[in-house]
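Scroll down for the structure; my scribbles are underneath it.
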Amino acid sequence: MTRWLWAGLAWTSLALGIIGAFLPVMPTVPFVLLSAFAATRGSDRLRRWLVEHPKFGRAILDWEQNGTVSRQAKRFAIGMMCVSSISMAIFAPRWWMAAIGIGVMALVSVWLWRRPEPRQ
C-alpha cells in the first residue's frame, strides 16, 4: 500500500511539474524533484525514466548527489519568478497578496542563487 502511495505522489508531482512548465505562477523544478524523490520509493520505472531524461536527468542527479543547481537553471528559475512577480503585482486583488508572493519568491531567489553549481 505504501508503495502505491509513493507512486501516486510521484506521478501527481510530475503532472504538476509539467503543468508548471506552462504556467508562470507554478514551479516546475520542485515538483520534478519531488517526483524523483517519491519515485525512488514507489516506481522504479518512473525513477529510471526521470534520471535518464535528457532535460531533467542531470539536474536531478546533481541535486540529489551534491545539492547543486546549474547556473542556467538558476537564471531560468529566477527569471520566471520575476515574470510571476510582475503578473502578481498587476493582477492580485489586494496589494498585500502580491507582496507576500513577491517576498517569498525574493527569498527563494536568494536561496537558489546561493546554491553551489556543479563542477563542469
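Note that this is a predicted model, so its numbers are computed, not measured.
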*Transitively linked via ILVMFWY side-chain contacts under 4.5 Å: F91 with I86?*
yes
Ignoring hydrogens and angles, write down the donor-acceptor pairs under 3.5 Å from the side chains of residues 17-39, residues two or more places apart or on other chains.
{"residue": "T28", "atom": "OG1", "partner": "G17", "partner atom": "O", "Å": "3.3"}
{"residue": "T28", "atom": "OG1", "partner": "G20", "partner atom": "O", "Å": "3.2"}
{"residue": "T28", "atom": "OG1", "partner": "A21", "partner atom": "N", "Å": "3.0"}
{"residue": "S35", "atom": "OG", "partner": "A10", "partner atom": "O", "Å": "2.8"}

_Is there a continuous path of hydrophobic side-chain contacts, each under 4.5 Å between heavy atoms, that joins W111 to M105?_
yes
_Just checking Q65: does its CD atom have more than 12 heavy atoms from other residues, nucleotides or ligands closer to it than 6.0 angstrom?_
yes
*Transitive ILVMFWY side-chain link L16 to I60, under 4.5 Å*: no
*Between CZ of R45 and CH2 of W49, what distance do you get to the nearest 0.5 Å?*
11.5 Å
*Does E64 have any salt bridge (charged side-chain N to carboxylate O under 4.0 Å, His left out) partners at least two apart in sequence or in another chain, and if so, which?*
R47
*Should L61 and F56 be regarded as members of a common hydrophobic cluster, given that ILVMFWY residues are connected when their side-chain heavy atoms come within less than 4.5 Å of each other, either directly or indirectly?*
yes
*Roughly how far apart are S109 OG and K74 NZ, rounded to 0.5 Å?*
11.5 Å
*With sequence neighbours left out, what residues match R71 under salt bridge (charged side-chain N to carboxylate O under 4.0 Å, His left out)?*
E117
*If you round to the nearest 0.5 Å, how far is OG1 of T12 from CG of L5?*
10.5 Å
_So that I can tick it off, tell me whether D44 and R48 are bridged by a salt bridge, with the cut-off set at under 4.0 angstrom between side-chain N and carboxylate O._
no
*asked:* Using the salt bridge (charged side-chain N to carboxylate O under 4.0 Å, His left out) criterion, which residues pair with R115? Sequence neighbours excluded.
replied: none
_Spatial distance of atom CG (L46) from atom CH2 (W6) [nearest 0.5 Å]_ = 13.5 Å
*Quick one: name the residues clustered hydrophobically with V83, using the 4.5 Å side-chain heavy-atom rule over I, L, V, M, F, W, Y, and just say none if it's on its own.*
none
*Mind checking whether F76 and Q72 have side chains closer than 4.5 Å, heavy atoms only?*
no
*Give, for atom NE2 of H53 and atom CG of L14, the distance between the pair rounded to the nearest 0.5 Å.*
8.5 Å
*Take L112 and V69 through the test side-chain contact (heavy atoms from CB on, under 4.5 Å) and record every step on the way to the result.*
CA-CA 8 Å; L112 180 61; V69 180; 4.0 Å; yes
*Check salt bridge (charged side-chain N to carboxylate O under 4.0 Å, His left out) between R75 and all other residues, then give those that pass, not counting sequence neighbours.*
none
*Are M81 and W63 joined in one hydrophobic group, where the rule is that I, L, V, M, F, W and Y side chains link up if heavy atoms are under 4.5 Å apart?*
yes
*Roughly how far, to the nearest 0.5 Å, is CE of M88 from CD1 of I100?*
8.5 Å
